[in-house]
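Along the sequence shown, residues carry numbers from 1.
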Amino acid sequence: VQETKDELDNIKSAFEAYDTAVEALEQCTKGTQEWKDALAAVTQEILNIFLSNAPLFSLFLLGSLLTLITSLKVASSV
């Protein structure tokens, strides 16, 4: 139980860092170096979320991929 709680706390912290990065990006003028740096920070936070929770997201991505493949097969058979 404690391990699950710790994992949820880590996910929450990761998304809070992402939200902070997005807020910083929104304060920048698009196309400026400041905006590019802030966009890089947002991208890094997305990677951090994915990498620190890879097993959870891997399952999600696998499920999404299987759904997409199934949809494509159905669409191509129509």
Exercise. Enumerate the residue pairs fulfilling side-chain hydrogen bond (donor to acceptor under 3.5 Å, both in side chains) with a member in residues 8-34, sequence neighbours excluded, ordered by first and then second residue.
Key: Q33-D37
Quiz item: In Å and rounded to the nearest 0.5 Å, what is the CZ to CG distance from F15 to N48?
Solution: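 So the CZ of F15 and the CG of N48 are separated by 11.5 Å.
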Practice problem: Mind checking the NZ-CG spacing from K5 to L8? Nearest 0.5 Å is all I need. | Solution: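 One finds 10.0 Å between NZ of K5 and CG of L8.
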Self-check item: Closest contact, heavy atoms only, E45 versus A14
Solution: OE1-O, 4.4 Å
Quiz item: Can you name the closest pair of heavy atoms from L25 and L39 and give their distance?
Solution: CD1-N, 3.6 Å
Quiz prompt | With E3 via side chain to side chain donor-acceptor pair (under 3.5 Å) - residues at least two apart | solution =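 Result, side chain to side chain donor-acceptor pair (under 3.5 Å) vs E3: none returned.
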Quiz item: Does A41 have any side-chain contact (heavy atoms from CB on, under 4.5 Å) partners at least two apart in sequence or in another chain, and if so, which?
Solution: none
